[in-house]
Trainee: 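Input: one structure, supplied below.
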Amino acid sequence: MPWRHTRDPYHIWLSEIILQQTRVQQGLPYYQRFIAAFPTVRILSEAKEEEVLRLWQGLGYYSRARNLHACAKTVVQEHNGRFPDNFKDLLKLKGIGRYTAAAIASFAFGEVVPVVDGNVYRVLARLFGITTNIAQPPAFNEFFALASELIDPEQPDTFNQAIMEFGAMHCTPQKPLCLYCPLQAVCYAYQHSMQKDFPVKKKATKVKHRYFHYFIILNPAGEILMRPRPAGDIWRGLYDFYLVEDNTLLDTDAIKDEGIQQLMAKNSILVEESEVYKHQLTHQLLHVKFFVLQASEQALQTFTAERSQLQAFNPAETLALPKPVLIKNVLEKLNF
DNA sequence: AATCCGTGGTC
DNA sequence: TGACCAAGGAT
């Protein structure tokens, strides 16, 4: 890994941001493209945001890219192009939290501060038999305190990399390699055959049910009405169809949206789909029905005038739109 | 504290 | 094949 044997805070910072919730294999090519395009933090800070986002596309968690760009600007404009050299000040930068601040502080500047990531939770929980629920915020302080006692003050960077590497390569989430583990004799989980029980991670899976009534509205030209989803909800910025949401599964004729009612009155309606979609990241269970309707030009004008976000796309154009998986599948099934 | 964000890998 | 998870952070 190209960021492993360096103390350049720019390289370390970039790699750590890319590797947040992301595997090395997936992030490595992005790291290489970013370094090639932006050799220094100053060059990155002078880039356009669209250019940064374009290089980031496909990697996910896109706020990381926006924060990355904002952080580069701050470093250049307020810190003379040099990253802060300590944990406390690094924490103030956008996109840098407790893990990333500790990683940069220890790797680049040798500060004695432990990283606490998913690997550290797992390794320490197994080793010491810690039953604290790591999904709860207070868990961080406990593991941070324990790691602070364990960290080697002479080589904090090596300690931090070692414990994460050990977690990633050896003390893995599933099928840890206990058979030839040097910590067998002192590992609580191994001694009690409880590897699968650590770390304790209870994820308050309150599944939220939502009922989406999608309307695939076609105008006389055969175009489809779509709109980008608003902020503050799932699929922000991705395109989907006009929808009516209600907490109860509505009957076709019980829908309250007046505009839709008018369209339905004047046009035939087909129920094309009815299925359940699980949004696993946010534990939402979406109950979805799809209606297809042909709208007359006149009815359509009234309808869209009240919903300025809606745009008409021909089917070929919709292929180029960023769509939620659900919508993509529907379009494919409907042969659009 | 709870919720949101994304793609890809594993078993 | 569905459930779980990954070198987290912001709001």
Side-chain angles (χ1 to χ4, degrees), chain A residues 1-4 11-31 53 56-68 70-71 90-108 114-123 133-141 143-144 147 157 159-176 196 198-208 210 229-238 276-285 322-326 328:
Chain A
M1 290 175 273
W3 53 80
R4 177 62 59 88
H11 290 174
I12 292 168
W13 165 70
L14 179 60
S15 71
E16 291 300 340
I17 299 296
I18 288 176
L19 291 180
Q20 286 167 4
Q21 298 292 102
T22 304
R23 296 172 189 279
V24 170
Q25 188 177 351
Q26 188 187 358
L28 181 55
Y30 285 85
Y31 174 82
L53 284 168
W56 196 274
Q57 66 179 327
L59 196 54
Y61 282 133
Y62 297 97
S63 62
R64 285 186 295 173
R66 286 186 283 267
N67 287 336
L68 183 85
C71 181
L90 284 163
L91 263 181
K92 297 173 184 170
L93 294 171
K94 275 195 172 183
I96 297 182
R98 296 173 299 192
Y99 164 76
T100 307
I104 299 172
S106 64
F107 298 160
V115 290
V116 177
D117 70 341
N119 291 310
V120 175
Y121 278 127
R122 186 171 57 255
V123 170
N133 180 9
I134 65 167
Q136 296 294 105
F140 175 85
N141 291 329
F143 282 82
F144 185 85
D157 50 343
F159 176 90
N160 280 338
Q161 291 208 9
I163 192 168
M164 287 195 293
E165 183 88 353
F166 179 66
M169 306 298 293
H170 203 100
C171 193
T172 48
Q174 287 121 17
K175 296 193 170 188
K196 289 182 69 176
F198 294 104
V200 175
K201 190 175 185 180
K202 290 182 181 175
K203 33 164 176 92
T205 46
K206 265 196 308 181
V207 176
K208 184 180 178 184
R210 302 178 69 179
R229 289 187 58 83
D233 202 354
I234 57 172
W235 300 327
R236 184 180 66 181
L238 303 187
V276 174
Y277 177 81
K278 291 177 185 174
H279 195 259
Q280 56 189 61
L281 196 60
T282 57
H283 305 114
Q284 296 188 40
L285 203 56
K323 296 177 290 286
V325 171
L326 184 59
K328 194 177 165 194

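In what follows, chains carry the letters A, B, and so on, assigned in the order in which the sequence lines appear, proteins first and then strands, with residues in each chain numbered from 1.
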Trainee: Any base atoms under 4.0 Å from A:Gly58, or only sugar-phosphate, or nothing? Heavy atoms, all strands.
Mentor: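 Contact class for A:Gly58: sugar-phosphate only.
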Trainee: When you match A:Gln26 and A:Ala101 each to their closest nucleotide on DNA chain C, which lands nearer the 5' end?
Mentor: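 By nearest-heavy-atom nucleotide position, the 5'-most residue is A:Gln26.
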Trainee: Could you list all the salt bridge (charged side-chain N to carboxylate O under 4.0 Å, His left out) pairs where at least one residue sits in residues 159-174 of chain A, not counting sequence neighbours?
Mentor: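 Qualifying pairs, neighbours excluded: A:Arg4-A:Glu165.
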Trainee: Judged by atom type as modelled, is there a donor-acceptor pair below 3.5 Å linking the side chain of A:Arg98 to the main-chain atoms of A:Val116?
Mentor: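 Looks like no, no N/O pair under 3.5 Å.
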Trainee: Taking the side chain of A:Gln174 as heavy atoms from C-beta outward, which of B:dC11, C:dA7, C:dA10 is closest to it?
Mentor: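 When the side chain of A:Gln174 is considered, B:dC11 is the closest of B:dC11, C:dA7, C:dA10.
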Trainee: Do A:Arg64 and A:Asn67 have side-chain N/O donor and acceptor atoms under 3.5 Å apart?
Mentor: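 A:Arg64 vs A:Asn67: no donor-acceptor pair found between side chains.
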Trainee: Using a heavy-atom cut-off of 4.0 Å across all strands, would you classify A:Thr100 as base, sugar-phosphate, or nothing?
Mentor: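 Answer is sugar-phosphate: A:Thr100 comes under 4.0 Å of backbone atoms only.
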Trainee: For the pair made of CD in A:Gln21 and C1' in C:dA10, what is the distance, rounded to whole Å?
Mentor: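 The answer, rounded to whole Å, is 13 Å.
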Trainee: Separation of A:Met164 atom CE from C:dA6 atom P, in whole Å?
Mentor: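 The distance from CE of A:Met164 to P of C:dA6 comes to 14 Å, rounded to the nearest Å.
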Trainee: Check whether A:Thr172 reaches the backbone of A:Met169 with its side chain - one donor and one acceptor, N or O, closer than 3.5 Å.
Mentor: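 No, the answer is negative, given that no donor and acceptor are paired below the 3.5 Å cut-off.
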Trainee: Taking only the C1' atom of each, what is the distance from C:dA6 to B:dC5 in whole angstrom?
Mentor: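 Looking at atom C1' only, C:dA6 and B:dC5 are 14 Å apart.
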Trainee: CD of A:Gln20 versus P of B:dG8: gap in Å, rounded?
Mentor: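 Taking atom P of B:dG8 as the reference, CD of A:Gln20 is at 18 Å.
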Trainee: Take atom C1' in C:dT1 and the same atom in B:dG8, then report the distance between them in whole Å.
Mentor: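 Each nucleotide's C1' atom is 16 Å from the other's.
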Trainee: Let's see if you can work this out: which of B:dA1, C:dA7, C:dA10 has an atom nearest to the side-chain heavy atoms of A:Pro138?
Mentor: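 Comparing B:dA1, C:dA7, C:dA10 against the side chain of A:Pro138, the answer is B:dA1.
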Trainee: Say we look at B:dT3 and C:dA7: how far apart would their P atoms be, to the nearest angstrom?
Mentor: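 The answer is 24 Å between these two P atoms.
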Trainee: Please give, in whole Å, the distance from B:dC5 P to A:Trp56 CH2?
Mentor: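 Going from CH2 in A:Trp56 over to P in B:dC5 covers 17 Å.
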Trainee: Which whole-number value in Å describes the distance from A:Gln25 CD to B:dT7 P?
Mentor: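 Atom CD in A:Gln25 sits about 17 Å away from atom P in B:dT7.
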Trainee: For A:Tyr62 and for A:Pro137, locate the closest nucleotide of DNA chain B by heavy-atom distance; then report the residue assigned to the nucleotide nearer the 5' terminus.
Mentor: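 Going by which nucleotide is closer to the 5' end, it is A:Pro137.
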Trainee: Measuring from the side chain of A:Tyr61 (C-beta onward, heavy atoms only), which nucleotide among B:dG6, B:dG8, B:dC11 has the closest atom?
Mentor: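 Given the options B:dG6, B:dG8, B:dC11, the side chain of A:Tyr61 is closest to B:dG6.
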Trainee: On a heavy-atom basis, which atom in A:Glu16 and which in A:Thr100 lie closest, and how many Å separate them?
Mentor: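 Shortest heavy-atom separation between A:Glu16 and A:Thr100 comes out as CB-CG2, 3.9 Å.
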Trainee: Starting at CG of A:Leu19 and ending at C1' of B:dG6, how long is that distance when rounded to a whole Å?
Mentor: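 It works out to 15 Å between those atoms.
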Trainee: Looking at every strand, decide which applies to A:Ile17 at a 4.0 Å heavy-atom threshold: base, sugar-phosphate, or nothing.
Mentor: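 Nothing, no heavy atom under 4.0 Å.
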Trainee: With A:Phe143, which residues qualify under ring pair (Phe, Tyr, Trp, His ring centres under 6.0 Å), at least two apart?
Mentor: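 A:Tyr121.
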Trainee: Have a look at A:Arg66 and say if it touches a base, only the backbone sugar-phosphate, or nothing, with a 4.0 Å heavy-atom cut-off.
Mentor: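 Counting heavy atoms under 4.0 Å across all strands, no contact is made by A:Arg66.
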Trainee: How close or far is atom C1' of C:dA6 from atom CZ of A:Arg64, stated in whole angstroms?
Mentor: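 In whole Å, C:dA6 C1' lies 11 Å from A:Arg64 CZ.
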Trainee: Looking only at side-chain N and O atoms, does A:Lys201 come under 4.0 Å of OP1 or OP2 in C:dA3?
Mentor: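 Negative; the distance criterion is not met.
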Trainee: Picking from C:dG9, C:dA7, B:dA2, which would you name as closest to the side chain of A:Gln136?
Mentor: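 Selected nucleotide (nearest to the side chain): B:dA2.
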Trainee: Choose from B:dG6, C:dA6, C:dG8 the nucleotide whose nearest atom is closest to any side-chain atom of A:Thr22.
Mentor: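 Closest nucleotide among those given: B:dG6.
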Trainee: Under 4.0 Å between a side-chain N or O of A:Arg122 and OP1 or OP2 of C:dC5?
Mentor: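 False: A:Arg122 side-chain N/O out of range (4.0 Å or more) of C:dC5 OP1/OP2.
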Trainee: Which whole-number value in Å describes the distance from A:Lys94 NZ to C:dA10 P?
Mentor: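 From A:Lys94 NZ to C:dA10 P: 9 Å.
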